[in-house]
Amino acid sequence: MSLPRNFLWGGATAANQFEGGVYEGGKGLNTADVITAGSHTVSRKITFTTKEGEKRSQDIMPFKDLPDGAICDVQDGYYYPSHVGIDFYHRYKEDIAMFAEMGFKCFRLSINWARLFPMGDETEPNEEGLLFYDNVFDELRKYQIEPVVTISHYETPLGLVNKYGGWLDRRCVDFYVNYCKTLFTRYKGKVKYWMTFNEINIMGMLPFFAGGVIKNNPQVQAQAVHHQFVASAKVVKLGHEIDPENKIGLMVAYGATYGLTCKPEDQVLAMEDTRRRHFYSDVMVRGYYPVYKLKEYERQGVTLVMEEGDEQILKEGCVDYLGFSYYTSNCVTSEKGEAIGGNFSMGVKNPYIKASDWGWQIDGMGLRIALNTLWERYQKPLFIVENGLGAVDKIEEDGSIQDDYRIAYLKEHIEQMDIAVNKDGVDLIGYTPWGCIDLVSAGTGEMKKRYGFIYVDRDDQGNGTLKRTKKKSFDWYKKVIESNGADLEIK
Ligand code: BG6
């Protein structure tokens with residue numbers, strides 16, 4: 001089997017996890033820049049100063065309210081992994097050349113909003129920031145690599161957080177629209193594929209990550225994401241007006257949810273969990289709020305403030321395609337089960353499948369289910385913009401990295417992707433495995449949790465030369481792309 005002729009094979013990254021250059025080129029700080037490193041067992045922390053002037057920090061997971069008037073800031077004595085990332089800011093030419101060697105047809109990256117608008121609320125952009133992305137896009141074009149751009153990937157400018165309280169404030173809609181207008185105008189002809197917000201559904205769990213919101217409750221989550229829905233719809237319309245060639249998509253954290261047993265209660269829980277994910281794409285693909293959500297808001301006592309015209313805006317700004325991340329599936333049950341983590345998702349252990357070292361369950365078939373569910377529900381092109389295995393890599397004595405476990409994971413998922421396309425008829429336009437080059441983990445802040453085809457010499461404390469080395473999976477993925485998915489053999 002093989003994939004359609006113009007299939008977009010590539011890899012995915014995000015600015016705050018790999019770019020670095022935190023204070024360079026006039027860049028301002030963003031939410032990721034005040035989140036410390038954590039570990040498998042220790043949560044990352046947000047650092048801030050209280051209105052009484054006390055320097056403090058607080059766990060990002062689970063996320064609890066920061067005190068009123070807290071100002072998020074960088075403090076001495078902490079390590080913030082976003083500040084250097086893997087230094088793509090200075091090494092983009094070398095990195096892109098390696099992506100080209102693998103045969104990438106596309107490359108997913110995000111724009112660091114605060115590099116263009118250092119505080120977030122300026123009217124005019126920072127030219128030096130714009131130039132940096134011009135250079136990156138030109139470098140990609142040199143190798144005929146299509147950029148796939150996430151406009152906001154857990155990188156709300158800190159100015160918007162400290163001055164406005166992040167996306168809870170409606171004014172962020174206008175700041176974002178202005179930012180997008182700048183992007184669409186400046187990069188017209190250079191970028192065609194956009195996604196408005198990375199994993200927008202994370203607002204329902206970690207509003208600080210998703211939109212720089214320092215409180216966490218259903219009311220706040222609902223209002224902040226409403227603002228993002230409106231902003232997204234506005235820029236979909238605007239993006240089409242500026243360049244009809246633009247394809248503007250949404251991006252959600254997806255997965256498959258199973259009832260742990262065939263007990264009807266477990267199946268109902270699975271239905272509800274799936275619906276929890278679908279809420280976001282329902283609004284962004286269909287252009288209106290689904291009734292089940294409005295009923296839930298009623299039950300929770302959530303009052304959504306909608307401005308006149310919002311309903312029309314949502315209707316007129318439906319996305320062109322659905323981008324989603326898929327790492328794992330989870331099980332739910334009304335009985336007791338062994339709790340297990342996932343990509344910002346919770347559930348219980350599935351006895352039939354294995355899990356990664358970080359407890360994310362590995363389930364290729366779940367990807368086929370996810371693809372079919374989304375395709376049947378929306379009939380819009382799908383794009384798997386994240387998938388992969390976070391694992392510890394060992395450097396052998398000869399310097400090589402034999403990451404067969406990563407190859408096995410990707411193979412299992414690509415096989416199911418093939419079935420979804422060729423047997424089920426799903427319209428899938430591309431596949432960009434996460435962290436194609438090792439980068440900082442969003443969940444834990446570690447470097448040790450590696451996803452890449454390319455190894456980067458940097459550890460959890462920030463030591464290392466940042467040297468790039470090809471892993472075994474590099475040549476394997478190159479062959480997969482060359483054969484358009486037909487040759488998945490592991491040698
Ligand atoms: C997704 C995010 O949730 O999963 C990425 O969009 C993130 O930013 C990826 O890095 C993998 O998660 P983690 O915690 O292993 O980095």
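For reference, positions follow the sequence shown, starting with 1. Values in this document were obtained by computation on a predicted structure and should not be read as measured data. Whatever order the structure lists ligands and atoms in, that order sets their numbers, starting from 1.
- Of all the atoms in ligand 1, the ones that sit under 4.0 Å from a non-hydrogen atom of Ala442 are 7 (C), 8 (O), 10 (O), 13 (P), 14 (O), 16 (O).
- Considering only residues two or more places apart in sequence or on other chains, Asp134 meets the salt bridge (charged side-chain N to carboxylate O under 4.0 Å, His left out) condition with Arg186, Lys190.
- Atoms of ligand 1 found under 4.0 Å from any heavy atom of Ser441 (numbered from 1 in listed order, with element): 13 (P), 14 (O), 15 (O), 16 (O).
- Residue Trp360 touches ligand 1 through its side chain alone, judged by heavy-atom distances below 4.0 Å.
- Contact annotation: the side chain of Val319 never approaches that of Ile248 to less than 4.5 Å [non-hydrogen atoms, C-beta and beyond].
- Heavy-atom proximity to Glu199, at under 4.0 Å, picks out these atoms of ligand 1: 1 (C), 2 (C), 3 (O), 6 (O).
- Every N/O-N/O distance between Met251 and ligand 1 stays at or above 3.5 Å.
- Considering backbone and side-chain N/O atoms, Glu386 comes within less than 3.5 Å of an N/O atom of ligand 1.
- In terms of polar-atom proximity, Val440 is not counted as a contact of ligand 1, lacking any N or O under 3.5 Å from an N or O of the ligand.
- Contact check for Asn246 versus Trp194: side-chain heavy atoms found under the 4.5 Å cut-off.
- Polar contact with ligand 1: absent for Ser325 (N/O pair, distance under 3.5 Å).
- For ligand 1, the atoms closer than 4.0 angstrom to any heavy atom of Gln17 are 5 (C), 7 (C), 8 (O), 10 (O).
- The proximity of Asn198 to ligand 1, defined as any non-hydrogen pair under 4.0 Å, is limited to the side chain.
- In this structure, the side chains of Met195 and Tyr321 come closer than 4.5 Å at one or more pairs of heavy atoms.
- Applying the ring pair (Phe, Tyr, Trp, His ring centres under 6.0 Å) rule to His226 yields the partners Tyr289; only residues at least two apart in sequence or on another chain are considered.
- Side-chain contact between Arg468 and Met98 is present, with heavy atoms from C-beta onward closer than 4.5 Å.
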*Decide side-chain contact (heavy atoms from CB on, under 4.5 Å) for Cys72 and Phe208; before the verdict, give the C-alpha distance in whole Å, the side-chain angles of both, and the deciding distance to 0.1 Å.*
CA-CA 11 Å; Cys72 299; Phe208 186 81; 3.9 Å; yes
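- Note on ligand 1: Trp358 sits outside its first shell, no heavy atom being nearer than 4.0 Å.
- Residue-ligand proximity, Tyr327 to ligand 1, at heavy-atom distances under 4.0 Å covers atoms 4 (O), 9 (C), 11 (C).
- The residue Ala14 has no part lying near ligand 1, judged by heavy-atom distances below 4.0 Å.
- Ligand 1 has a nitrogen or oxygen under 3.5 angstrom from a nitrogen or oxygen of Lys449.
- Between Trp9 and Phe7, the ring-plane angle classifies as perpendicular under the 30° and 60° cut-offs.
- Remark: Arg450 is positioned above the aromatic ring of Tyr455, its terminal NZ or CZ atom under 6.0 angstrom from the ring centre and at most 45 degrees off the axis.
- For ligand 1, the atoms closer than 4.0 angstrom to any heavy atom of Gly443 are 13 (P), 14 (O), 16 (O).
- Ring geometry for His413 versus Tyr409: interplanar angle under 30°, hence parallel rather than tilted (30 to 60°).
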